[in-house]
Structures are given as structure tokens and as C-alpha cells.
Amino acid sequence: MSERKVRVRFAPSPTGPLHIGGVRTALYNYLFARQHGGDFIFRIEDTDSHRFVPGAEEYIIESFKWLGLEFDEGVGIGGDCGPYRQSERRDIYKRYVQVLIDAGKAYYAFDTPSELEAKRAEVKNFQYDASTRMAMRNSLSLPADEVARLLDSGAAYVVRFKIEPGEDVHVNDIIRGDVVINSSILDDKVLYKSADGLPTYHLANIVDDHLMRVSHVIRGEEWLPSAPLHMLLYRAFGWEDTMPEFAHLPLLLKPEGNGKLSKRDGDRLGFPVFPLEWHDPKTGEVSSGYREAGYLPEAVINFLALLGWNPGTEQELMSLDELIHLFDLRRCSKAGAKFDFEKCKWFNHQYIQRCDDTDLARQMLPQMQAEGVTAPLDKVAKVVGMMKGRVSFVKELWDTCRFFFVAPTDYDEKTRKKRWKEESPRQMLELADVLEGIDDFSLHNQERIVMQWIEDKGYNTGIIMNAFRLAIVGEGKGPQMFDITEVLGKEETLRRLRRAVEALN
Ligand code: GLU
């Protein structure tokens, strides 16, 4: 790779919420930039005014804030290549369009939409290119004075790129290698429209990558077909020497693997395809987001990092710092990556295990308070530490931990039938007396004394412990009994035991 400073950009169009595939693209750019001590630029490509959606830009910014991926330069940050919103760069594009026209590499075309439509109806697979352009109304086919008259009169026009046919265009892609297409299959792309005074995506994209000194273009596979045209544009401007290197990332595929991941797959299988919840300003439709669904940003990042790349080892859990260290564009796959959302849940589970118990406890407090339950934070944290291994989402914690704070009032019928024996009431009252006599109510001391009592009496440990659990928890689940009773304390344990005997008789 070249010696120049690494500068990459994430350049979304604000046409709606950021798709999770876009987040993956941004992440790979971020990792690459950080790994090389380079810059990560945030550019908004909003030259297609018809597709502009209010709120989309703010949504994108908030998404990255949540994910903790910071830009160095761009919209909302600043930098020496601004403005970074393309709609604010009209004059710049106009100047560069003129450069191409003056060099004879682009031309004015005056064909009206209905003329173009008529042509398409008349000629099957019509393409505006070297073979057809002289039959159209443009500055190549019309006399110069007619062109001047049209321009003076303010006639609407577009500027088209004059593509020379019959040439193999090579795109040297870091992931895909040498991609070749023949220029004859390209049409004379529209670069600029007088109607709104704005360039099209292709021109704005190239001009900005050049002016923003972008060294690497890392983007989704869907942009690969544009790359040959972009090569030709760089060449037309004489910018080959500073042309960025390209890397087109693999597609994200449906969980089943057949075809491109879409929002419908998320709706169908119940997983979000957007980082944050999105409220469509037009339809009012609400689409779920990873944040609101309870995913930790670290888990989402780790999950996305492995969709199309792997470190070459079995390692799956990687912090952002590790990812920065290990990431390698050359190890990205060409083949599409299946969007295995169950794996994302697994990552979330893993990252919850790494969370600080007190932090998790604090996140659980609102749910506790909503049920009117209060407890000292250190006790809540202790319970969370014991129970977090059983959940994949923070929001599942309270349900899992509740029985520590709320005594059972009903007892699971199935468990009762199976675990509450005839002798259980008597044994549990005896157990209550045994526990009452214990001063040091620590886990080990309780266990030692209770086990000794079971042995002395010749009781069946399973029968005792199962009934004990039903009495304390209200059902058959939970961690080790003495882990539970240590947290509950003697008084509460006795209360629950004696109450259960009454209730279950
Ligand atoms: N505006 C394009 C997009 O929405 C950018 C493509 C590129 O990175 O060149 O993804």
C-alpha cells in the first residue's frame, strides 16, 4: 500500500435510516484508519434532492455516537476540506464540470425527458453512448451556434461524460483483485443537471475524494459497478497519481444465505436491521433498532466486524482495540457474509458477562423501582453477578433476579406436584429450625450444617433440596440454594420457608 497518509471516508446519503450494512462499512473504514494512524472523514452525499429524508443525517450521527465510532473530520466536526455536506459544495462541482467540458471530456445534452423516453420506446435496450450520442440533441451533435443559443436561452441541460468505447478498464481492488470491464458497456453518465444545479453522485464522489485527499475507498459491493466509471473520471481529470485504492466489501446476505439482506428479513425473523430505532417521518412506521432492542454497542461492533472478515484464528471476542490491531483489509472475503443474528445475541451475552456488576445493577434499578422494590446497590450487584450468566440482554436481568427481592406468593404447580412430598412440610419446618440456630449465615457454614443434619437424619438430599428450592424461589430454577439464602439472609429465608409450608398444605 502507498506511503501517503491514510484518509478514509464514510459517505452516506441521507435517504433514510442507516442500514446495518452501512454500519459495517463505516466500522471497517474506522478500523483501517485507526490502525494506520489515519483520518476518518464523515461526508454527507445529499446531491439527490428527491431522495432526501428529514432526520436521516441526525440519525446517522446519533448512531455513531452510540457505537462509539468517532470521526476526525467532517459534518458536525469540521476540518480543512469542508464543507463536508455535498449540497453545500455546488460551486466546487460546477467548476470541475466545466473543466471536463473545456477539455472535451464531457458535453451538454439537451434531450428532454420525453425525448429520451421516446428513444427508449423506439430502440430496444437503448443506451446513451458513443454509438447513439450523435443521433441525440447535444453539444457534440448540434452546431456550435445552436448550442450557444440553447445555453443562453436557459434551456435545461445535463452534462454527460464522454466515454470512449472499446477500452478495457481495470479496477485494482484490494479484496477482489483485478476487475476488468470494457468501456463499451458503460453509458455516457450524467454528471450534472442544470435543473437543480447539482452534480450526480459519480462526479461529486470523485471530486470530493480527490479534494479530501482520500487514500482508500472502502465501501459496499453494490458500488463495484461504479468503480470503472470512477477510474475513467480520475483519468479525465488527470488525477491518476493520487487516485485512492479501492476495496469493495462483501454483501451481507440473508440469514439463510440466499440473497441480499433486507429490512423484510428483519421483520420476518424478528431482528433489527438498523442501529437505532427509526421513525419514518412520512409513513410513521417504526423500525426496531439494536440500541432499543437491548444490544450493547461493543457486541454489535464485534458481531459486524466478523461479517466479511476474520483474524485468521478461532478468536471471536475482540474489543475495539483488538479489532484495530488485528483488522486486515486483505483478509476480507469476496463471498457474501450470512447475517447470523443469533450470533449477535451470543455476542451480547458474552459482553454482558464482561460488564461490571454494579453498572448492570444500576441499569436494572428502574425496572425494580417500577415494581416498588428497593434494595442496597451492593446487594443488587451481588445478585446480578450471580445471575448475569443466564441472560443475553440487560432487560432480561430483572425477571431472572426478581425472586431474590420478591418472596414467592404462588408456587409453580408442576414443580409442586413433583417436588413437594408428603414429608416435605415436616422436613421444611425442621430445616427452618436448623437454619434458625445458625449464627454465621455464610454460604459454607449453612451448607456444612444443613448437610450434616440431612446425614444425621438419613434424609434424601435431593428431596430436601428440591422442596427447599420450591419454598424459597417458588419454582424449580435458580443457582445453588445456599448462594440464594446467603443473599436473602436468615430472617427472610425462615420467613419464606415457613410461609411455604403454610401455603403448600
Ligand atoms: N453515498 C454513497 C452511499 O450512500 C457512497 C458510496 C461510496 O462510498 O462511494 O453509500
Side-chain angles (χ1 to χ4, degrees), residues 6-33 38-53 55-61 63-64 69 71 73-75 81 83-89 93 161 171-176 179 189-191 198-234 237 239 242-252 260-263 273-275 278 304 308 329 332:
V6 165
R7 284 175 60 81
V8 294
R9 82 302 192 270
F10 181 60
S13 301
T15 55
L18 181 61
H19 190 272
I20 199 75
V23 178
R24 198 253 334 236
T25 298
L27 172 63
Y28 283 21
N29 274 282
Y30 173 88
L31 296 175
F32 188 75
D39 300 325
F40 182 36
I41 304 165
F42 179 44
R43 182 169 81 215
I44 289 284
E45 302 208 326
D46 57 350
T47 59
D48 189 347
S49 45
H50 302 298
R51 297 182 57 217
F52 177 81
V53 173
E57 184 183 308
E58 292 75 6
Y59 175 96
I60 294 168
I61 290 172
S63 298
F64 288 111
L69 301 180
F71 294 99
E73 207 176 301
V75 173
C81 300
Y84 292 89
R85 207 179 271 114
Q86 289 189 328
S87 58
E88 294 166 17
R89 297 170 65 80
Y93 305 126
F161 189 33
V171 179
N172 188 4
D173 190 284
I174 295 170
I175 298 170
R176 284 147 213 282
V179 179
K189 275 275 171 320
V190 173
L191 301 179
L198 282 168
T200 56
Y201 155 72
H202 301 289
L203 182 98
N205 189 267
I206 290 320
V207 167
D208 285 351
D209 283 348
H210 174 71
L211 294 177
M212 295 176 185
R213 305 187 301 279
V214 168
S215 64
H216 295 77
V217 168
I218 304 168
R219 61 185 172 191
E221 177 176 89
E222 63 273 28
W223 301 100
L224 184 60
S226 305
L229 172 73
H230 292 182
M231 299 285 130
L232 293 173
L233 274 169
Y234 278 109
F237 279 117
W239 294 337
T242 54
M243 195 167 80
E245 291 189 58
F246 286 84
H248 288 92
L249 305 175
L251 270 183
L252 294 188
K260 200 175 139 184
L261 176 73
S262 74
K263 177 164 151 32
V273 296
F274 302 124
W278 168 253
L304 290 178
L329 262 186
C332 288

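Worth knowing before you read on, the calculation uses all heavy atoms, side chains too, and leaves out hydrogens, waters and symmetry mates. For ligands, and for the atoms within them, numbers begin at 1 and follow the listed sequence.
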>> When you compare ligand 1 with P12, is there at least one nitrogen or oxygen pair between them that comes in under 3.5 angstrom?
In response: no
> Would F237 and H210 count as a close aromatic pair, with their ring centres under 6.0 Å?
Replying inline: no
Would you give me the side-chain donor-acceptor pairs under 3.5 Å for residues 13-21, sequence neighbours excluded?
| residue | atom | partner | partner atom | Å |
| --- | --- | --- | --- | --- |
| S13 | OG | E45 | O | 3.1 |
| H19 | ND1 | G21 | N | 3.0 |

>> List ligand 1 atoms under 4.0 Å from N205, heavy atoms only on the residue side.
In response: 7 (C), 9 (O)
>> Per the salt bridge (Lys or Arg N to Asp or Glu O under 4.0 Å) rule, what does the pair list look like for residues 211-228, sequence neighbours excluded?
In response: D80-R213, R176-E221
> Aromatic rings H230 and H202: how do their planes relate, parallel, tilted or perpendicular, breaks at 30° and 60°?
Replying inline: perpendicular
> For atom 8 (O) of ligand 1, what's the nearest protein heavy atom and its distance?
Replying inline: R9 NH1, 2.7 Å
> Which ligand 1 atoms does E45 reach within 4.0 Å, using its non-hydrogen atoms?
Replying inline: 1 (N), 2 (C), 5 (C)
> For atom 3 (C) of ligand 1, what is the nearest protein heavy atom, given as residue, atom name and distance?
Replying inline: W223 CZ2, 3.3 Å
> Between D208 and Y93, do the side chains contain an N or O donor and an N or O acceptor separated by less than 3.5 Å?
Replying inline: yes
> Nearest protein heavy atom to atom 5 (C) of ligand 1, by residue and atom, and its distance?
Replying inline: A11 O, 3.2 Å
> Is the ring centre of F64 less than 6.0 Å from the ring centre of Y30?
Replying inline: no
> Judged by non-hydrogen atoms, does F10 sit under 4.0 Å from ligand 1?
Replying inline: no
